[in-house]
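Below: one structure, written as structure tokens.
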Protein chains: 2
Amino acid sequence: MTPVSSLDIVACTVEERELAMLARTAGQRTRELPWEVLDPLAPLERSALRIARSVLGEAPAWVAQLGAYGDRASHPSKCALSVAFVVIAPAGTRAPAGMAWVPLAGDSKLPARQRTMAADVTAMLRVRMHTAPIAFRLLPARFTLSELQRMYELLLERPLHKASFRRTLQASALVEATEEWRSEGRGRPAQLYRYAPRSEANARRSLTFDFLG
Amino acid sequence: MTPVSSLDIVACTVEERELAMLARTAGQRTRELPWEVLDPLAPLERSALRIARSVLGEAPAWVAQLGAYGDRASHPSKCALSVAFVVIAPAGTRAPAGMAWVPLAGDSKLPARQRTMAADVTAMLRVRMHTAPIAFRLLPARFTLSELQRMYELLLERPLHKASFRRTLQASALVEATEEWRSEGRGRPAQLYRYAPRSEANARRSLTFDFLG
DNA sequence: TCAATAGTGTCTGTTAGACATTATGGA
DNA sequence: TCCATAATGTCTAACAGACACTATTGA
């Protein structure tokens, strides 16, 4: 009998200035997201964390459920139902042997159901980034404000204004300057910051109608 | 053998100025969300729509997957895994025989796993309302701007400024005035509007950091 | 006439974005 | 020295929220 359902992991990071996911390079032209047959006794998120840790070699920086996928689209497990989780690994995390970071956008050569999952991840991260520290989890613990801004621009897919970005960030009380500076190529060195949210008021004042249909 | 997994429906509406969900009033002190054993051959959303239609007697105004729930918490089906969907019925929809609208907040007397689902719905609607017409789907086709504002205040759990709300709404090009007016008790009659999004630019300009940890 | 609600015009403080300028390193 | 990047100050247009006012009904 075919297994009941699978648990799939879309592990995301940033590679060469675009979002990428971890995929097994199974054959010549087929790839596959890491998955396991679902353990019916363990909580879903615990299982997701365990699988992610075993694949990445370390605990991911963030975990969230993407959703359940149950169309008839093909899946390597032959399961009728798959539960997908998104996990985040900081930029610079190495892909383990037999796996590679592949761009989240574009032809991923995944089985149909996993392709659907991958297609949903970008939208999910873009929504969640406003209420969860996605951009910070995609960065290493120490980062420059320019790196943070580039991460936001990557997720939002639009350029941001530098002075305005820093002003808003300052007001949000989410980062803390360190004493370290980093010099990259030419130009003035940048101060390193770390994510250190101070629980001050951060209430959204304005109302947005961000939809059309 | 116990069934593989269940598909649960959290059907939401607004009753007496608060969010409510449709529950079977099984026994004296137990309630239950509508659910069915999952059909492994049908797409999940199609199944959710079918169940919602059979329960409500009509098609819901909005559907979205809430997520998969797979802890060991109790569920009437004894399934190890449940996939939950949120559907919306406009205010005024009657509860069918044997069911009732019960407040989404507060002690719902549901089985543990379904209580978890219900607890997640409010947060989900509050996030999604910024990118989907949740408030409009919770209203009948024709509504006054005061009713719309009260719906937004209910979802956001904070008061909104009337003139500002209408200005922002006007700019969003989401509603269209009808020729009808409605008089309720004293006071000047209100013009009725309908949801008619015109696909004009509606880009979010400002960046928000709406999280703390 | 009064009370209650709908709807609108004006003012003001806040802020996002534009622009310009200084600061500081490497080539 | 020139160039590239970091970091910051100032200006302005846009806008959210406050306030006040008019409009229109039922009691």
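Residue numbers start from 1 in every chain, and the chains themselves are labelled A, B, ... in the order their sequence lines are given, proteins ahead of strands. Just the heavy atoms: all of them, side chains too, but no hydrogens, waters or symmetry mates, feed the values below. Model, not experiment: these values are computed from the prediction.
Here Q191(B) lies in heavy-atom contact (under 4.0 Å) with sugar-phosphate atoms only. Using a 4.0 Å heavy-atom cutoff across all strands shown, T144(B) reaches no nucleic acid atom at all.
Scored by the ring-ring contact (aromatic ring centres under 6.0 Å, His included) test, F85(B) finds no partners at all (sequence neighbours excluded). Every residue two or more places apart in sequence or in another chain was checked for a ring-ring contact (aromatic ring centres under 6.0 Å, His included) with W101(B), and none qualifies. When the side chain to side chain contact (heavy atoms under 4.5 Å, CB included) test is applied to S164(B), the partners found at least two apart in sequence or on another chain are H161(B), R167(B), T168(B). With sequence neighbours excluded, no residue forms a side-chain hydrogen bond (donor to acceptor under 3.5 Å, both in side chains) with R188(A). Listed by chain and number, the residues in a salt bridge (charged side-chain N to carboxylate O under 4.0 Å, His left out) with E153(A) amount to none (sequence neighbours excluded).
Rounded to whole Å, atom P of dT5(D) lies 15 Å from atom CZ of R182(A). Atoms CZ (F143(B)) and P (dA6(C)) sit 14 Å apart, rounded to a whole Å. Across the protein-nucleic acid pair, W181(B) atom CH2 and dT5(C) atom C1' stand 12 Å apart, rounded to whole Å. The distance from atom CD of Q170(A) to atom P of dA7(D) is 12 Å, rounded to the nearest whole Å. Note: CZ (F165(A)) to C1' (dA7(D)) measures 14 Å, nearest angstrom. At whole-Å resolution of the value, CD in E180(A) and C1' in dA6(D) are 17 Å apart. For the pair L169(B) CG and dT8(C) C1', the interatomic distance rounds to 15 Å; values are reported in whole Å. The interatomic distance linking K162(A) (NZ) with dA16(C) (P) rounds to 17 Å, in whole Å.
Taking the side chain of R167(A) as heavy atoms from C-beta on, and the options dG17(D), dG7(C), dT10(D), the nearest nucleotide is dT10(D).
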Does the protein touch nucleotides 20-27 of chain C at the base, only the backbone, or not at all? Give it as B, S and - per nucleotide, heavy atoms under 4.0 Å.
---BBBBS
Evaluate the side chain to side chain contact (heavy atoms under 4.5 Å, CB included) criterion for residues Y69(A) and D8(A): first the C-alpha distance (whole Å), next the side-chain angles of each, then the deciding distance (0.1 Å), finally the verdict.
CA-CA 10 Å; Y69(A) 292 79; D8(A) 296 40; over 6 Å; no
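Between S146(B) and H161(B), the residue anchored closer to the 5' end of DNA chain C is S146(B), taking for each the nucleotide with the nearest heavy atom.
For the pair R166(A) and dT8(D), the criterion of a side-chain N or O lying under 4.0 Å from OP1 or OP2 is not met. Close to dA16(C), at under 4.0 Å from its OP1 or OP2, lies a side-chain N or O of T168(A).
Proximity of E147(B) to Y152(B): side-chain heavy atoms (C-beta onward) are nowhere separated by under 4.5 Å.
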